[in-house]
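Below, chains carry the letters A, B, ... as their sequence lines are ordered, and counting in each starts from 1. Small disclaimer: the values here were computed from a predicted structure and weren't measured.
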Number of protein chains: 2
Amino acid sequence: MMMRADAARNRELILDAACHAFADRGPDVPLEEIAAVAGVGVATLYRRFPTREDLLEAVASRHIELYEKALRKGLADPDPWRGFSGFVRAATEIQARQPGLAEVLMVPCHGPDEARSAAVFEGYLELVHRAKLDGSLREDYVPEDLPMLLMANAGVLRGTSATAPRAFKRLVEYLLQAFSCPSRRPLPAPPTPAQMHRAMNNPAD
Amino acid sequence: MMMRADAARNRELILDAACHAFADRGPDVPLEEIAAVAGVGVATLYRRFPTREDLLEAVASRHIELYEKALRKGLADPDPWRGFSGFVRAATEIQARQPGLAEVLMVPCHGPDEARSAAVFEGYLELVHRAKLDGSLREDYVPEDLPMLLMANAGVLRGTSATAPRAFKRLVEYLLQAFSCPSRRPLPAPPTPAQMHRAMNNPAD
DNA sequence: CACTAAGCGGAGGTTGCCGTCCACTTCTGC
DNA sequence: GCAGAAGTGGACGGCAACCTCCGCTTAGTG
């Protein structure tokens with residue numbers, strides 16, 4: 001069953017509005033405000049997105065394309081380290097472009113569109129694999145270090161995006177240098193994949 | 001003019017309750033809940049702490065002692081790197097112990113008790129200085145990298161404290177390894193001290 | 001012990017957001 | 001172009017937290 005044309009248009013208007021609103025007022029903006037900006041009634045918004053979660057997910061979904069593009073670029077790079085580090089930089093840039101949403105923009109690890117984000121994660125694992133074989137990524141790096149980095153980045157963005165919007169880049173470069181060989185002292189054990197997965201599913205408050 | 005004894009007692013009860021409440025329910029807990037746990041009426045709470053900010057600050061103030069202790073330990077260490085890194089580890093541990101408050105527990109950089117937190121920051125600068133002279137801390141480290149780290153840590157704690165409460169340690173070790181000599185590739189420019197200071201004064205959201 | 005000012009609690013008005021309901025409008029297939 | 005299904009908007013009741021007001025209680029003093 002096809003959606004009516006005007007309904008589809010409104011859906012897009014809402015998503016546009018939500019995108020801006022979330023980005024610069026955080027994930028708690030009143031839905032009524034989003035509806036107002038979109039130029040529709042609240043009821044319309046609620047019909048299309050019964051819960052705030054649904055709306056957040058839909059907005060996040062729009063970003064997955066950006067991650068896919070970054071991933072393709074990384075995989076295409078003949079230099080494994082450039083591929084890996086480029087992807088990490090791109091992912092954090094994507095977060096930075098929507099600072100209010102940074103916490104939910106961890107699409108490469110766990111996104112709303114299960115299939116596609118799983119695919120991105122697969123590709124990312126391949127980047128990791130190559131960079132390790134190549135010797136440029138330290139042996140004890142684990143895939144869960146990316147969500148960790150993205151969470152850390154979200155924290156920095158939260159604190160600085162208003163006053164020092166490039167500060168996050170410094171964090172990212174520090175971490176990339178730490179990720180690159182040679183590994184130095186041993187690291188504390190990483191969380192298990194299961195723990196990390198749960199962490200991404202129980203959004204903090 | 002001295003505060004009446006019962007008033008002082010209630011003040012402490014409120015702070016105790018607030019401490020727990022903030023730690024495990026985040027900085028947005030209803031003040032009424034804190035009052036209830038403390039066993040006092042809301043009015044009492046509002047009289048002592050007119051705004052939520054005041055209460056958060058008072059709670060944060062209690063922690064400054066922990067930072068002072070960590071700092072003393074760091075300064076007493078004959079090995080400059082152990083002193084510096086030990087302090088960083090301790091500071092992040094303090095944040096981790098109150099995950100809901102991590103965002104406001106950046107006392108070494110900017111705390112509610114101006115004089116004391118300035119003193120802690122001074123001491124921290126000394127740690128930085130020594131470790132750089134010693135050659136164990138990279139030359140291009142800047143003092144603002146600590147608030148950056150603390151914000152990053154807050155982000156990781158936010159995401160993982162419920163499911164993987166030790167995950168933050170891995171971030172910290174990665175960063176400490178990045179901070180330690182030899183420095184590798186150059187880093188992006190850090191935010192200016194003024195920017196960072198503003199960032200810590202405009203609490204996100 | 002008695003007086004008083006400091007302190008107390010909780011009732012209740014206020015606000016802001018949620019999410020639903022329903023009378024009205026607009027698409028779309030025939 | 002018409003029928004009716006699909007879609008719409010905004011009014012509305014509910015709720016949760018805020019914060020103030022005021023009559024009562026109690027610590028501290030002489």
Counting distance only, does the side-chain N/O of B/Asp145 pair as donor-acceptor with the main-chain N or O of B/Val142 below 3.5 Å?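 Answer holds: yes.
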Which whole-number value in Å describes the distance from [X] [atom1] to [N] [atom2]?
X: A/Arg11; N: C/dC27; atom1: CZ; atom2: C1'; value: 19 Å
X: B/Leu45; N: D/dC18; atom1: CG; atom2: C1'; value: 12 Å
X: A/Asp28; N: C/dG16; atom1: CG; atom2: P; value: 16 Å
X: B/Leu31; N: C/dG10; atom1: CG; atom2: P; value: 16 Å
X: B/Phe49; N: D/dC19; atom1: CZ; atom2: C1'; value: 16 Å
X: A/Arg25; N: C/dG16; atom1: CZ; atom2: C1'; value: 12 Å
X: B/Leu55; N: D/dA17; atom1: CG; atom2: P; value: 16 Å

Any idea which of [options] is nearest the [X] side chain?
X: A/Ala43; options: D/dG10, C/dG10, D/dA17; answer: D/dG10
X: B/Ala5; options: D/dG28, D/dC18, D/dG7; answer: D/dG28
X: A/Met3; options: D/dG28, D/dG7, D/dC19; answer: D/dG7
X: B/Thr44; options: D/dG10, C/dC8, C/dT28; answer: C/dC8
X: B/Asp6; options: C/dG7, D/dG9, D/dA17; answer: C/dG7
X: B/Tyr46; options: D/dG7, C/dG9, D/dC18; answer: D/dC18

Given the structure, check if the side chain of A/Arg4 and the base of C/dT26 hold any donor-acceptor pair shorter than 3.5 Å.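 Between C/dT26 and A/Arg4, which were checked side chain against base, a qualifying N/O pair under 3.5 Å is present.
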Is there, by distance only and without an angle test, a donor paired with an acceptor across the side chain of B/Glu32 and the base of D/dC19 below 3.5 Å?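 Answer yes: a donor N or O sits under 3.5 Å from an acceptor.
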I want to check one thing: is the phosphate of [N], taken as OP1 and OP2, less than 4.0 Å away from some side-chain N or O of [X]?
X: B/Arg52; N: D/dC18; result: yes
X: A/Arg48; N: D/dT8; result: yes
X: A/Asn10; N: D/dG7; result: no
X: B/Arg47; N: C/dC8; result: yes

Does B/Arg72 pair with B/Glu68 as a salt bridge, N-O distance under 4.0 Å?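 Salt bridge: no.
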Ring centroids only, cut at 6.0 angstrom: are B/Tyr141 and B/Phe84 within range, meaning strictly under it?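 Between B/Tyr141 and B/Phe84, the centre distance is under 6.0 Å.
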Taking everything shown except B/Glu65 itself, do over 12 heavy atoms lie less than 6.0 Å from its CD?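 Not more than 12 within 6.0 Å, no.
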Compare all side-chain heavy atoms of B/Trp81 with those of B/Phe179 and state whether any distance is below 4.5 angstrom.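 Result yes, sub-4.5 Å side-chain heavy-atom pair found.
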Identify whether any heavy atom of A/Val42 sits under 4.0 Å from a base atom; if not, whether one sits that close to sugar-phosphate; answer base, sugar-phosphate or nothing.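 Result for A/Val42 = base.
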